[in-house]
Amino acid sequence: MNPLIPDQSTARQDFVGAHLATVGNNSTCVTQFLAFKLGREEYGIDILRVQEIRSFEAPTRMANAPAYVSGVVNLRGEIVPIIDMRIKFNLQEVRFDSFTVVIVLNIGKQVIGMVVDGVSDVITLTPEQMRPVPDLSSSITGDHLLAIGSLDDRMLILLDIEKLMGSADMGLACPEKQ
């Protein structure tokens, strides 16, 4: 069971409670996600964590870095680690083509780049379009998954990118100090 989504009835309100949009006189819970591809699967991350999207350029390699750390780039004077999510998620085929991009994230006080196969769009999901993540064995632990988003004929794996990047094995992001 995912601790972020304790059950269907309360999960929808708890999960998206931080993102409220007012439509007319009604207050409706909606959340916006940047949709991106890794292999054949579509993922989503909170749009509020995205600083920019850049075309891929080869980073400077770092000695003794894990395989999923492609290296670092200088982004307007700031040294930014670049994580290849395809390697982190154990995808079989890692190709670099014209669709490969780097999503630059702001997590706490850390800026991190994330290599993905492509970005499609920003989607808005209501609580009714988000479902709990089933318990499965995968390269992503349940703590790093928020929900499964369903929009028309699309299904997105919604990631808690802050928890993923701040996890013990990644150790990249520190929560913002209050």
Side-chain angles (χ1 to χ4, degrees), residues 1-6 11-12 14-19 31-54 56 59 62 65-73 75 78-94 100-123 125 129-150 154-178:
M1 179 165 202
N2 187 334
L4 292 176
I5 303 181
R12 294 177 184 140
D14 294 344
F15 169 60
V16 295
H19 303 290
T31 305
Q32 290 189 318
F33 294 92
L34 177 66
F36 62 91
K37 289 268 199 183
L38 292 174
R40 289 179 284 168
E41 301 303 324
E42 196 167 17
Y43 293 82
I45 56 174
D46 182 355
I47 191 68
L48 297 177
R49 298 284 176 230
V50 177
Q51 175 178 309
E52 63 185 278
I53 300 167
R54 302 174 51 88
F56 179 80
M62 299 294 293
Y68 57 82
V69 178
S70 297
V72 295
V73 297
L75 182 62
E78 185 167 2
I79 303 303
V80 177
I82 303 296
I83 308 303
D84 194 323
M85 298 305 286
R86 302 162 309 173
I87 296 171
K88 176 64 180 158
F89 289 172
N90 298 320
L91 295 182
Q92 299 295 333
E93 186 178 343
V94 176
T100 306
V101 296
V102 175
I103 301 171
V104 179
L105 305 167
N106 261 314
I107 301 176
K109 293 184 178 187
Q110 178 77 35
V111 178
I112 301 167
M114 175 171 101
V115 179
V116 299
D117 287 324
V119 172
S120 54
D121 56 355
V122 175
I123 61 166
L125 296 174
Q129 294 170 306
M130 294 182 227
R131 301 284 182 251
V133 177
D135 289 332
L136 299 172
S137 173
S138 76
S139 61
I140 314 169
T141 67
D143 290 348
H144 306 142
L145 302 175
L146 292 173
I148 301 293
S150 179
R154 293 168 68 185
M155 291 199 49
L156 287 87
I157 301 166
L158 304 177
L159 299 174
D160 185 333
I161 198 66
E162 190 168 341
K163 282 190 177 180
L164 178 63
M165 293 298 179
S167 65
D169 67 322
M170 299 274 281
L172 292 171
C174 300
E176 199 168 334
K177 306 260 192 238
Q178 297 292 338

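- To the nearest 0.5 Å, atom CG of residue L156 and atom OG of residue S150 are 9.0 Å apart.
- Contact annotation: the side chain of L75 approaches that of V104 to within less than 4.5 Å [non-hydrogen atoms, C-beta and beyond].
- With contacts defined as side-chain heavy-atom distances shorter than 4.5 Å, the pair E52/L105 does not qualify.
- The 12-atom threshold is exceeded at CE of M155, counting heavy atoms of other residues, nucleotides or ligands nearer than 6.0 Å.
- One finds the CD1 atom of I53 at 10.5 Å from the CZ atom of F36 (value rounded to the nearest 0.5 Å).
- Nearest heavy-atom pair, I83 versus I112, reported as atom, atom and distance to 0.1 Å: CG1-CG2, 4.0 Å.
- In terms of heavy-atom proximity, I148 sits nearest to P134 at CG1-CD, 4.5 Å.
- Interatomic distance, R40 CZ to E42 CD, rounded to the nearest 0.5 Å: 14.0 Å.
- Put simply, the side chain of L125 reaches to within 4.5 Å of the side chain of F33, judged on heavy atoms.
- Note that NE2 of H144 and CD1 of I157 are 14.5 Å apart. Values are rounded to the nearest 0.5 Å.
- Nearest heavy atoms, K88 versus Y68: N-CB, 3.7 Å.
- The shortest distance between side-chain heavy atoms of R154 and I123 falls below 4.5 Å.
- Looking at K37 and S120, their side chains never come closer than 4.5 Å, going by heavy atoms from C-beta outward.
- The CG atom of N106 sits 11.0 Å away from the CD atom of E162 when rounded to the nearest 0.5 Å.
- Looking at heavy atoms from C-beta onward, M165 lies in side-chain contact with M114 at the 4.5 angstrom threshold.
- Between V80 and G113, the closest heavy-atom pair is CG1-N, 3.5 Å.
- The minimum heavy-atom distance between G39 and L91, with the atom names listed, is N-CD1, 3.6 Å.
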Legend entry - V50 vs I45, side-chain contact (heavy atoms from CB on, under 4.5 Å): CA-CA, chis, key distance, verdict: CA-CA 8 Å; V50 177; I45 56 174; 3.9 Å; yes
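- V101 is not listed as a side-chain neighbour of R54, based on a closest heavy-atom distance of 4.5 Å or more.
- Proximity of L34 to V119: side-chain heavy atoms (C-beta onward) are separated by under 4.5 Å at one or more points.
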Legend entry - side-chain contact (heavy atoms from CB on, under 4.5 Å) between M130 and L158, intermediate numbers included: CA-CA 9 Å; M130 294 182 227; L158 304 177; 4.2 Å; yes
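- In this pair, F89 and Y43 present their aromatic rings tilted. The plane angle is within the 30 to 60° band.
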Inset, instruction - Walk me through it: do I103 and V116 pass the test side-chain contact (heavy atoms from CB on, under 4.5 Å)? - result: CA-CA 7 Å; I103 301 171; V116 299; 3.9 Å; yes
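- Taking both residues in full, the closest heavy atoms of V72 and P81 are given as CG1-CA, 3.9 Å, listed atom of the first, atom of the second, then distance.
- Between D160 and R49 no salt bridge is recorded (no basic side-chain N to carboxylate O distance below 4.0 Å).
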Inset, instruction - Check the pair D117 / E41 against side-chain contact (heavy atoms from CB on, under 4.5 Å), numbers first and verdict last. - result: CA-CA 10 Å; D117 287 324; E41 301 303 324; over 6 Å; no
